[in-house]
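The structure appears right after this line, and notes come after that.
By convention in this document, chain letters (A, B, ...) are assigned in the order of the sequence lines, proteins followed by strands, and residues within each chain are numbered from 1. Since this is a predicted model, take the numbers as computed values, not measurements.
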2 protein chains.
Amino acid sequence: MLWRKEEPEPRPGLSVGRIVRAAIELADAEGLEGLSMRKVADRLGFTTMSLYRHVPGRDQLVDLMRDEVMGEHPELPPEREGWRARLEAIARQAWEIRRRHPWLAEVRGTRHLPGPHGVAHYDAMLATLTGTALRPSEVVAAIGLLGRFVDAEALVLVETRREEQRSGVSEQEWWGARDSLYERLDQYPALSHLWESGAWDAPEDSFEFGLRRLLDGIEALIQERDETRDETCQECGKPLEPTAPSGRPRVYCSRACQQRAYRKRKDG
Amino acid sequence: MLWRKEEPEPRPGLSVGRIVRAAIELADAEGLEGLSMRKVADRLGFTTMSLYRHVPGRDQLVDLMRDEVMGEHPELPPEREGWRARLEAIARQAWEIRRRHPWLAEVRGTRHLPGPHGVAHYDAMLATLTGTALRPSEVVAAIGLLGRFVDAEALVLVETRREEQRSGVSEQEWWGARDSLYERLDQYPALSHLWESGAWDAPEDSFEFGLRRLLDGIEALIQERDETRDETCQECGKPLEPTAPSGRPRVYCSRACQQRAYRKRKDG
DNA sequence: CCAGTCTGTATATGCCGTACACCGAGTACT
DNA sequence: AGTACTCGGTGTACGGCATATACAGACTGG
């Protein structure tokens, strides 16, 4: 269903596409909490239960919404020099989508079948690091880490925004009004020292800061791996031909070795 | 209320402490979603509404629970050499608490008044970096980043665990059974290359991996700042006395300058 | 004795997702 | 032409949630 093709000639009445789009509008305005089958149906002028003729349930609707908005940036950012610039560009793209659709970061659960746009995104991120000296499992771990970082930052952003607009009080004002906190501050040396140093007067942009730290951390590992790059076949131990710059790192010396390793993994 | 003292002689009937403890047991077993006022009350043998005589509402109850469990590790990890070892130790402690009380990572919202244990933890984390060349705002940003990282990792952990025990199918099995995914794999070059390289056969431990990356990233910034360390008073520009190793970095040359800067910030 | 406070209770409102029974219109087949 | 069947939309209902409100008994201070 996620990989469905949009019906070419739109017929009157409900359709998956229309439901998904209405749901996205609603979630953009009210957040994932505010997304209910009743409200989606109202917005479309149908009864609640009519939606269930097209969509199995709320959870699957959210899956559809996710993949839909991930397709809003079909063009990947332009090719750039080096893994770092490329990865940074894609991370910013993901960040941009979450700024436009804050509810995206609020979706929970680990067993979401990815749709076409989601996989494409994931593949593009993985591609940025496959040319490096990182081991395959490290590529996957690094991309996962970066993805969770973007989601986590987006989550606090949407939460502060939502609480601000709900209460009409800005985050700064709210914390400023909590006098009781500052009375006890003296008991906490690091906290009060930083407070007096003005650490909270001009805070860092937390996405920019975190992104740089993460990329630095990944870069450190790449350098480490570069120094001890393994130049022998993972299967038979023979020396490998040198990898072309910015090409995939070679792991096996021949197709035969690759297939032997693949069968090994598959069987055991 | 968060800073309340436990009543010395326990009286029969309900009390904040008893409610909080019952709620923690419940959330440990069923997650934050499964925590409802009804169930807490049932567990204690009272009616739902009786709880509201002691606790303002569900949200505040969760705040109380948070601070309660943060107090389970009152002894901070032993003093270690260097900011990195100390910060790592505290991060692991936070991780440990979230493994014991997975719902902790599920708590959403940015305006939680911190309780005594929460502030103590935060102060301890900040303290690890105040001896470094980082600027105050960078210390705060780095600690925030690390905190969100721990929460994000804990969140996916609890989500997979919960889905596994709910469905009885392990995460690996579940993804393995999604044949439809692997059919399309060929269209995604990086993904299929990594798949064939066995990147998912022996995945990295995502907490360990991420923690190292983050600490490396922070270390990179510290080195950068170390090289260009500012050795003049932030207020009057006079040269500073050298900072004692592992002491707080000096920012002002005298108490007078510090107070002048403080008043400036406060007024404008 | 009585007013007031403190605790626990009972009932009710308004959300939510969705199971189930129904119904009219079209459609495919005999 | 008649009939069975499917499709899309409807209406009602259930069980779960947080919590507002009104109330009832017990204890306490004057």
B/R178/B/E183 salt bridge by N-O under 4.0 Å criterion: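 Here B/E183 does not pair with B/R178 in a salt bridge, since their nearest N and O are not under 4.0 Å apart.
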B/R162/B/E159 salt bridge by N-O under 4.0 Å criterion: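 Here B/E159 does not pair with B/R162 in a salt bridge, since their nearest N and O are not under 4.0 Å apart.
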N/O (side chain, A/H54) to phosphate O (OP1/OP2, D/dG9) under 4.0 Å: yes
Under 4.0 angstrom between A/S50 side-chain N/O and D/dG9 OP1 or OP2: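 No, outside the criterion.
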Sugar-phosphate, base or nothing in reach of B/M37, heavy atoms under 4.0 Å: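 If one applies the 4.0 Å heavy-atom cut-off, B/M37 turns out to touch the sugar-phosphate alone, with no base involved.
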Whole-Å gap separating [atom2] ([N]) and [atom1] ([X]):
{"X": "B/L61", "N": "D/dA18", "atom1": "CG", "atom2": "P", "value": "10 Å"}
{"X": "B/L26", "N": "D/dC17", "atom1": "CG", "atom2": "C1'", "value": "14 Å"}
{"X": "A/Y52", "N": "C/dC16", "atom1": "OH", "atom2": "C1'", "value": "9 Å"}

Looking only at the side chain of [X] (C-beta and beyond, no hydrogens), which of the listed nucleotides [options] gets closest?
{"X": "B/M49", "options": "C/dT18, C/dA10, C/dG8", "value": "C/dA10"}
{"X": "A/S36", "options": "C/dT9, C/dC16, D/dA18", "value": "C/dC16"}
{"X": "A/R38", "options": "C/dG8, C/dT18, C/dA21", "value": "C/dT18"}

Mutual orientation of the aromatic rings belonging to A/W200 and A/W195 [parallel < 30°, tilted 30-60°, perpendicular > 60°]: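 Rings of A/W200 and A/W195: tilted, 30 to 60°.
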Residue whose closest nucleotide on DNA chain C lies nearer the 5' end, A/R53 versus A/L35: A/L35
Face-on cation placement of A/R184 at A/Y188 ring, 6.0 Å and 45° thresholds: no
